[in-house]
2 protein chains.
Amino acid sequence: MVKIKEIEKSTEIKILEAAKQEFLERGFDGARMQKIAERAGINKALLHYYFRSKENLFKAIFQSVFENFFPKVVKTFQSEISFFDKLKFFIDNYIDVLSKNPFLPAFILHEIQLRPEMLINSMKEQGFNPSVFLNMFKREMENGVICNMRVEHLVVNILSMCIFPVAAAPIIKGMIFKNDDIEYQQFLEERKIIVYEFVVNSIKK
Amino acid sequence: MVKIKEIEKSTEIKILEAAKQEFLERGFDGARMQKIAERAGINKALLHYYFRSKENLFKAIFQSVFENFFPKVVKTFQSEISFFDKLKFFIDNYIDVLSKNPFLPAFILHEIQLRPEMLINSMKEQGFNPSVFLNMFKREMENGVICNMRVEHLVVNILSMCIFPVAAAPIIKGMIFKNDDIEYQQFLEERKIIVYEFVVNSIKK
DNA sequence: GTCTATATTGTGATAGAC
DNA sequence: GTCTATCACAATATAGAC
């Protein structure tokens, strides 16, 4: 059953990778089937042979990409390390994922505006459940480890400080770092510690 | 020189308002000249009579809209009230502006990705200078009012916690508030206090 | 200035040979 | 499965009457 030739990627994979790039960079409305075909090294007709329509192709991409926007952290948070270590681990990994997918945040935030139903679908499809995240913080509050506040705000604060700096990368690069990519990357790297400390200072008793 | 009839808006104004809505909601690629004409109560040809091309119209909109994304706070920060009052005032106003322009953050973040040159133009056009903001915090650190840290991170943290929750509104509404608009609006309102306290707890000595 | 009609180009999608 | 050629329509843009 296992294919012998793995050197050449299957056409479907090539299409998916090309489509992912194109959609992430330009959004659904800005993406062009022609460009996707070129990126995949094939022609337009073949795209339709595999996925029938642009919309279909987009849906396939959106779902696979969405799970990276809110990372799967369930395992992390079930482990035995301390609350603060979990938090540190989460922020580290999340900033890492996003710096490697610089278009991801702005893409999701844009597409979501006029197609909120896709959000619902993706959540169901992947059994995504935000309350795992929320509950962890609730538990720590009840145990008196961190001070009391509405968990929704705390979680939104943390996500904000991880996601926004990547979504706004061109602005930050342009306004603060004179478009120097390396300085910006270093800035993101620093944020792993900064955000953690900022949060801890604010919530520890 | 002053026009007598002010009851009926001038055609140009009607176009600009219609275009602003359409572009903000759908982005440049998703916006349709036909829809803009409809929203303005005129026809397509007239759009081109006034602005020659979609691109031109977009540029006019983008610049007028961009200044709301990073608010003009210079005056506020030159006033005589205490640092913490300035901070409170800023966060209050900013969250207010954004809740009244819910499409603004995602629009800017999206358009910026592939057209960073527009950013540069808008900044120049409006004489926008981020260092006013940065310097205010620097001064407070030197005076020992708040603890030392790289100001860029502090500013980005504050902006993140104000902007992201609006950019991600459909997600937050869907995941936390079961799409209840009123609960979400109340959440934003709460954030005026929450964000302020979160920041202060983290930076005060 | 404003309209109707039309040109022109771009783009998603299909037909059909190989 | 993959290609070339082509369709059909959507969208920007212009011509020209009023």
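Below, chains carry the letters A, B, ... as their sequence lines are ordered, and counting in each starts from 1.
Nucleotide C:dA5 holds its P atom 18 Å from the NE2 atom of B:His48, rounded to whole Å. Summarising the geometry, the separation between CG on A:Asp29 and C1' on C:dG12 is reported as 13 Å, rounded to the nearest angstrom. Rounded to whole Å, the distance from CZ on A:Phe51 to C1' on C:dT14 is 18 Å. For the pair A:Gln34 CD and C:dA13 P, the computed distance is 14 Å after rounding to whole Å.
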Decide yes or no on salt bridge (charged side-chain N to carboxylate O under 4.0 Å, His left out) for A:Lys173 and A:Asp181, but give the supporting numbers first. CA-CA 7 Å; A:Lys173 262 187 225 168; A:Asp181 277 345; 2.9 Å; yes

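Residues A:Tyr50 and A:Lys44 each lie close to DNA chain D; by heavy-atom proximity, the contact nearer the 5' end of the strand is made by A:Tyr50. Where A:Asn43 and B:Met33 each meet DNA chain D at their nearest nucleotide, the meeting point lying more 5' is that of A:Asn43.
Put simply, A:Arg52 has no side-chain N or O that comes within less than 4.0 Å of OP1 or OP2 on C:dA13.
Nucleic acid contact for A:Ala31: sugar-phosphate only, since backbone atoms but no base atoms lie under 4.0 Å from a heavy atom of the residue.
Between B:Leu98 and B:Pro105 the shortest heavy-atom distance is CD2-CG, 4.1 Å.
At a cut-off of 3.5 Å, with distance as the only test, a side-chain donor of B:Glu38 or B:Gln34 sits close to an acceptor on the other residue.
From the 5' end on, the contacts that DNA chain D makes with chain A at under 4.0 Å to a non-hydrogen atom open and close at D:dG1 to D:dT4.
Applying the 6.0 Å contact sphere to CZ of B:Phe177 captures more than 12 heavy atoms from other residues, nucleotides or ligands. Residue B:Lys35 qualifies as open at atom NZ: its count of foreign heavy atoms under 6.0 Å is 12 or below.
Of the residues listed (B:Arg191, B:Gln185, B:Lys192, B:Gln186), the one engaging B:Glu189 in a side-chain hydrogen bond (donor to acceptor under 3.5 Å, both in side chains) is B:Lys192, and it is the only one.
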